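Keep in mind that this is a model prediction, so the values were computed, not measured. Numbering of residues begins at 1 and proceeds along the displayed sequence.
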Amino acid sequence: MRFSFDLSHFVWVFSIFFMDMAVIRSVASPLNCQTCVCASDIISCPKKELTLVPSGLPNYTAVLDLSHNMLSRLRAEWAPEPLKRLHTLVLSHNSISFVSSEAFSLTPQLRYLDLSCNKLNALEENVFSALQRLEVLLLFQNQIERIDRTAFDDIQLLQKIYLSHNRVTRFPLELVKDGEKLPQLVLLDLSSNKLKYLPVQQLKILPAWLSNGLYLHGNPLTCDCDLYGLFWNWHVRQLASVVDFHEELLCQLFSQPKPPSKTTNVFLLNNSEGLNCTVVREAGMEAYLGDTVILNCDSKQKSVNQVWVTPSNEWVQVQQESGARNRSISVLSNGSLQIRPIQVEDRGIYTCYAQGELLNETLYVTLTVFNFTQHVHQDTLNTAYTTLVGCIASVILVFIYLYLTPCRCWCRPGNRGQGEDRESIHSSVLSATPNHETTSDKAALSRHVAFQEPPGDLHGQNGKLKPNGSQEVPVIKGSPLQPKTSNRKLSDPGSISSVFSDTPIVV
């Protein structure tokens, strides 16, 4: 019993000691300028085995270096007092796995932040939104798999993001699309991640000054001809992101019908061992007569001076307009050349000279002008439509005339007082053969129209005559005009020879 009591007492004392040590270790030690370097407004404390940011940092600190330590979390408490002059914070080579969205609320002037070589696995919602003056952000060599779409909101001045050597699987298109979220961005390094697919169609329309700093090498991309066309176009333009890492632009070529895959260089996809992709050529611009055309000077640099030369060797600069009163050629504020309205003589090769601090570029744009307008005039469209409707109506009427012969008048009930001579009617109506009567017979008819009463034995036949032609021809009672042959038969109304004749019925 004595031994058991002493052992439990020892465990209790040890736990109290351990808790005290933990509390001591959780309290940040004050800044010691004997172990750290305090040079004017620069505080440098690398490789000091710090687990927390030292307390008591002077409010005039402009540069703070805490690299190569053992920091694990970055909360709002690390800076209890505002550091309004701090513009550079170096936290690389630590063990930081969490950064609070309020961690930078007291450092509003921060322009350079280095979080490289840590253990971050995600960029959470609005994590950097408080850094409205941030220009350079280093996040390479972490374990980042997920990037929240709002992580970089409200950072309008951010110019460079280094995200290489992480585990990113989704291309953050929101960072480059339309230039709305990060309008000053000129460099985005996504090399050596886990990207398999790229939004090729969206990347094709990026300005050259942004594509020039979009690094994608070292990713397990999936081979296809669209990917080949994208990088080939960037290679033709001599963009640094492709030219400098030409050998490291690899992709996975999957064999059919099943893997394994084969790793090959993107620029070898045009040969027989690849995908036989077609070599991409830069296409010119096409326009129609009377259009307003804007030619872009797609320079690899941003904020450069552009000067245009037309095919007629006319020089056009910014805020300069040339041309006749009814048309103009001018350079817009973004360096693009605007021509309105376009004419046939405007076709040719336009030259843009882009002059910047780092290099001068010469770009060529070929303009083709078609000698007709793109849009059909409304009156022409109406005329064509009316003609088409008229043709369709005519065809319908012809079909009705050919195949939908109306019912004879004598077949309708109530029309009993009509003439009785149907032989002349059926032998002449809609007939392609001439009439049987002689000229003297026709003259004797005195041009009187005769109608006949249908015989009683035809009731129930819906006005149709006997198809076998055995029906006798009735005569007109009391008429001096009797047919010479009393046994003449009526012609078959269903025969082809009795259809569609314009010969009038005259007796």
Side-chain angles (χ1 to χ4, degrees), residues 22-31 36 43-46 48-59 61-163 165-168 170 172 174-175 181-182:
V23 171
I24 294 175
R25 289 178 62 87
S26 64
V27 177
S29 58
L31 176 65
C36 297
I43 306 297
S44 179
C45 301
K48 303 302 178 184
E49 297 184 355
L50 298 175
T51 57
L52 295 172
V53 178
S55 62
L57 295 174
N59 56 9
T61 303
V63 178
L64 178 60
D65 182 7
L66 298 175
S67 60
H68 296 275
N69 281 286
M70 295 187 296
L71 304 177
S72 59
R73 306 175 76 84
L74 197 63
R75 299 182 180 274
E77 296 80 15
W78 77 270
E81 299 294 333
L83 300 176
K84 297 182 179 180
R85 299 184 185 181
L86 184 66
H87 60 75
T88 301
L89 177 60
V90 181
L91 297 171
S92 60
H93 293 90
N94 278 275
S95 300
I96 299 175
S97 59
F98 174 78
V99 177
S100 171
S101 59
E102 300 176 354
F104 307 106
S105 59
L106 298 180
T107 58
Q109 303 299 321
L110 197 63
R111 299 197 301 271
Y112 182 95
L113 175 60
D114 186 358
L115 285 169
S116 61
C117 301
N118 278 281
K119 296 182 179 180
L120 294 172
N121 55 23
L123 299 181
E124 302 295 343
E125 181 180 359
N126 300 113
V127 64
F128 301 117
S129 296
L131 301 174
Q132 298 184 5
R133 294 187 176 274
L134 188 65
E135 297 177 0
V136 180
L137 177 60
L138 280 69
L139 292 166
F140 60 85
Q141 201 69 46
N142 274 274
Q143 302 170 12
I144 300 174
E145 298 179 357
R146 182 176 57 85
I147 301 176
D148 190 89
R149 297 181 185 274
T150 64
F152 297 93
D153 282 358
D154 304 323
I155 317 178
Q156 298 291 315
L157 301 180
L158 188 59
Q159 300 176 13
K160 299 180 179 181
I161 305 177
Y162 296 87
L163 278 164
H165 295 278
N166 279 283
R167 301 174 183 176
V168 179
R170 180 190 67 87
E174 66 274 4
L175 301 183
K181 185 183 290 289
L182 302 174

Is there a side-chain contact between Leu31 and Cys36, using heavy atoms and a 4.5 Å cut-off? yes
Taking only Lys NZ, Arg NE, NH1 and NH2, and the carboxylate oxygens of Asp or Glu, determine whether Glu77 and Arg73 approach each other closer than 4.0 Å. no
To the nearest 0.5 Å, tell me how far Leu86 CG sits from Leu57 CG. 8.5 Å
Run the side chain to side chain contact (heavy atoms under 4.5 Å, CB included) test on Asp114 and Ser67 for me, step by step, so that the C-alpha distance in whole Å, both residues' side-chain angles and the decisive distance to 0.1 Å come before the verdict. CA-CA 9 Å; Asp114 186 358; Ser67 60; over 6 Å; no
Give a yes or no on whether Glu102 atom CD has more than 12 heavy-atom contacts from other residues, nucleotides or ligands under 6.0 Å away. no
Over 12 non-hydrogen atoms of neighbours within 6.0 angstrom of CD in Gln143: yes
Would you say Asp148 and Glu125 make side-chain contact, with heavy atoms under 4.5 Å? yes
Has Asp153 got a side-chain atom pairing as donor or acceptor with Ser129's backbone, closer than 3.5 angstrom? no
Correct closest heavy-atom pair for Arg149 and Lys181 would be O-NZ, 3.4 Å
Which atom pair, heavy atoms only, marks the closest approach of Pro54 to Pro30? CB-C, 4.4 Å
Looking only at heavy atoms, which two atoms of Ile43 and Pro58 are closest? And how far apart? CD1-CG, 4.4 Å
Hey, what do you get for CD (Gln159) to CD (Glu135), rounding to the nearest 0.5 Å? 5.0 Å
Go through Trp78 and Leu71 one step at a time and tell me if the side chain to side chain contact (heavy atoms under 4.5 Å, CB included) criterion holds. CA-CA 11 Å; Trp78 77 270; Leu71 304 177; over 6 Å; no
Minimum side-chain heavy-atom gap Ser92-Leu138 below 4.5 Å: no
Nearest-0.5 Å distance that lies between atom CG in Asn142 and atom CG in Asn121: 9.0 Å
CD1 (Ile147) and CG (Asn166) are apart, to the nearest 0.5 Å, by 7.5 Å
Do Phe98 and Arg75 come within less than 4.5 Å of each other through their side chains, counting heavy atoms only? yes
Heavy-atom closest contact (Val99 atom, Ala103 atom, distance): CG1-CB, 4.2 Å
Looking at Asn69 and Glu49, would you say the former's side chain and the latter's main chain have a donor-acceptor pair under 3.5 Å? yes
Return the CG to CG distance between Leu137 and Leu131, rounded to the nearest 0.5 Å. 8.5 Å
For the residue pair His93 and His68, does the interplanar ring angle fall in the parallel (under 30°), tilted (30 to 60°) or perpendicular (over 60°) class? parallel
Heavy atoms of Leu91 and Asn94 approach each other most closely as O-ND2, 3.0 Å
Closest non-hydrogen contact found for Leu123 with Phe152 is CD1-CZ, 3.9 Å
Residues, nucleotides or ligands: over 12 heavy atoms within 6.0 Å of Arg85 CZ: no
Among all residues two or more places apart in sequence or in another chain, which pass the ring pair (Phe, Tyr, Trp, His ring centres under 6.0 Å) test with Phe104? none
If the test is side chain to side chain donor-acceptor pair (under 3.5 Å), which one of His87, Arg133, Lys84 qualifies with Gln109? Arg133
To the nearest 0.5 Å, atom CZ of Arg167 lies from atom CZ of Arg146 at 14.5 Å
Any non-hydrogen side-chain atom of Phe128 less than 4.5 Å from a side-chain atom of Ile161? no
